[in-house]
Amino acid sequence: MIAPAAARRIRRLGLAGLLLCAAALGVAAATPSALAGWLAAFVFWAGLPIGALCLSLMMRLIPGAWRDELESRANAAMLLLPLSAAAAVPVLVALPALYPWAATGGGEEHRLYLTPWFFILRTIAFFACTLVLALLLTRRGRTAGLAAGGLILFVLIDTTIAVDWLMSLDPEFHSSGFGLYILSIQAATALAVLLLGRLVAGAPSEKTGILGGLLLTALLLWAYLAFMQYFIIWSDNLPASVAWYARRGDGPWWGVELAIGALGVGPILLLLFPPVRQSRGWLIALAGATLVGKTLETAWLVLPGSTGGVPALAVAALALAGLGLLNLSGLARIAAAPGAAEMRRLFIGEGRP
Amino acid sequence: MREPSPHAPLFGLMAEFDQPERLVESIGRARDAGFLRMDAYSPFPVEGAAEALGFHENYVPWLTLAGGIFGAALGYGMQVYTNLAYPIDIGGRPLLAIPPFMLITFELMVLFAVLFAIVGMLDLNHLPRLHHPLFDVETFHLASSDKFFLVIFGDDPRFEEAETRRFLETLAPVRIDAVGHTEQPE
């Protein structure tokens, strides 16, 4: 069981997280348009359990050293889903403050799909499906059939919900690769967190190179999907989609765009070299850089389109820190539970023996 | 490891083993005895053999990187050149349009990285070649089925035919063969 001092520290972490989140929501309550900052923080941190669920499903189908190194942590991180579902509540409550189609009723073609009740229903269904999947995986262990079916379902619902949460911020913006692009951000986020957890705990002897290879793969996938979407929109040259990128390359966001690119491409180039890939220190630094890059990227996806301005940035900073602390204390609590039996008691109650 | 040139009196002495562990152990003992120039042959990759031989060449990854950089530069440069030499206005897009240039740049980067790796690997192995001195040893074809061979090259500073043969005998191999140089052009 967990030492009392450590338990106190975890509780304090959680409490600090709650206070920061309350402050963020307080600011957002005063200036509703600042809630965009909360949306950015929510989407970023939801990427951790969602990406972990994706990785956990894949680990059940693709055996190898990565499974031995990361499986327990991925299984713990995907159980943070209820926390993300709770973080979605402020977004669902204040839809008109965030989404133009919710405020104005949307255009003719959006009348059925982009309506508040249907949007809320989809988000609830998404969290219900992913949570059921995570709990089934926790109970059943390594079942290839469940993992294969689950992975297909997961990709479908995750790319759908990415369109809801992020793409519908600008109802005129269309990109068919958007869902997969967001999925690559989620997977990279989750992998970076899992790697940090694994590497801070100690160097995994000869397998560090494999972990470095995983980070490289995730970043390459991200680079491919991010560039392809940009390239296709660049080639089409259609006003609505170009405007979406133009807003995100305007003023200070241009600097953010450069930072996102550098924090993605820099680690890719460095990870090409085996000494970097096999070094614990380098990997910790690069996983950290990946997390910073993905945080900026989520903010870059949400904030430039909003009217939130500086309050939205403040809310984003507060909420990112607050939700981060909550997730950290949640992870520590799950990790402290020794073995699957304890995990079951924590998250499912006294299930089957 | 570079094999001896025909100037050495003998290509080398080859010991045959029937266990992979015996091969790795023998490499270690040969190196302990002060032999530096040797090579090993086995039907499958034997764990620990490369380390025991002290093999740590990494030319091929560097060649791959060089090929990648060369290919990317070539691909990009080719597009810059053709667009400047034959300027065509396509829907008002800039003459040097970086996003679409990336596709060809990427393709040529991959192509040349792979070509450099494969051609470099073949060249470093002196392949293709028609004959090899070891093929004169009657049982050497078993290196493709179930035997493991250790060769001490004739240009090793410690190589002295009779003495080296005596040393190899202490390793208790299945048999020992002297390997001469081939007379035919290789």
Side-chain angles (χ1 to χ4, degrees), chain A residues 65 175-178 181 184 205-210 212-213 216-217 219-246 248-249 254 257-258 260-262 264-279 282, chain B residues 24 45-52 54-73 75-76 78-80 82-83 88-118 120-121 124:
Chain A
S175 165
S176 51
F178 192 79
Y181 163 55
S184 77
S205 63
E206 292 155 26
K207 291 183 180 154
T208 319
I210 292 171
L216 177 60
T217 312
L219 287 173
L220 281 173
L221 183 72
W222 164 81
Y224 173 75
L225 291 168
F227 174 74
M228 269 313 178
Q229 168 174 298
Y230 174 76
F231 172 59
I232 289 168
I233 287 172
W234 186 94
S235 304
D236 285 350
N237 208 17
L238 294 175
S241 301
V242 170
W244 188 86
Y245 272 107
R248 280 158 183 77
W254 166 237
E257 208 169 67
L258 283 182
I260 294 166
V265 175
I268 288 177
L269 292 178
L270 285 170
L271 283 168
L272 286 180
F273 297 94
V276 173
R277 222 159 46 219
Q278 286 155 6
S279 139
W282 267 110
Chain B
V24 178
V46 175
E47 204 171 323
E51 288 78 11
F55 180 88
H56 39 68
E57 242 179 52
N58 55 359
Y59 292 131
V60 175
W62 282 109
L63 274 174
T64 315
L65 181 70
I69 292 171
F70 173 74
Y76 195 83
M78 189 175 73
Q79 294 174 93
V80 169
T82 48
N83 276 283
I88 300 173
D89 187 342
I90 305 166
R93 88 176 196 186
L95 214 48
L96 299 183
I98 294 169
F101 282 13
M102 284 303 137
L103 301 192
I104 304 296
T105 306
F106 178 78
E107 297 295 342
L108 287 199
M109 177 181 83
V110 173
L111 174 68
F112 277 91
V114 172
L115 279 182
F116 271 46
I118 293 175
M121 180 275 291
L124 288 169

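Naming convention: chains lettered A, B, ... in sequence-line order (proteins, then strands); numbering from 1 in each chain. This is a predicted model, so every value here is computed, not measured.
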If you count heavy atoms of other groups shown closer than 6.0 angstrom to CD1 of Ile98(B), is the number above 12? no
More than 12 heavy atoms of other residues, nucleotides or ligands under 6.0 Å from CZ of Phe106(B): is that the case? no
For chain B, which residues from residues 231-246 of chain A lie under 4.5 Å away (heavy-atom distances)? Phe231(A), Trp234(A)
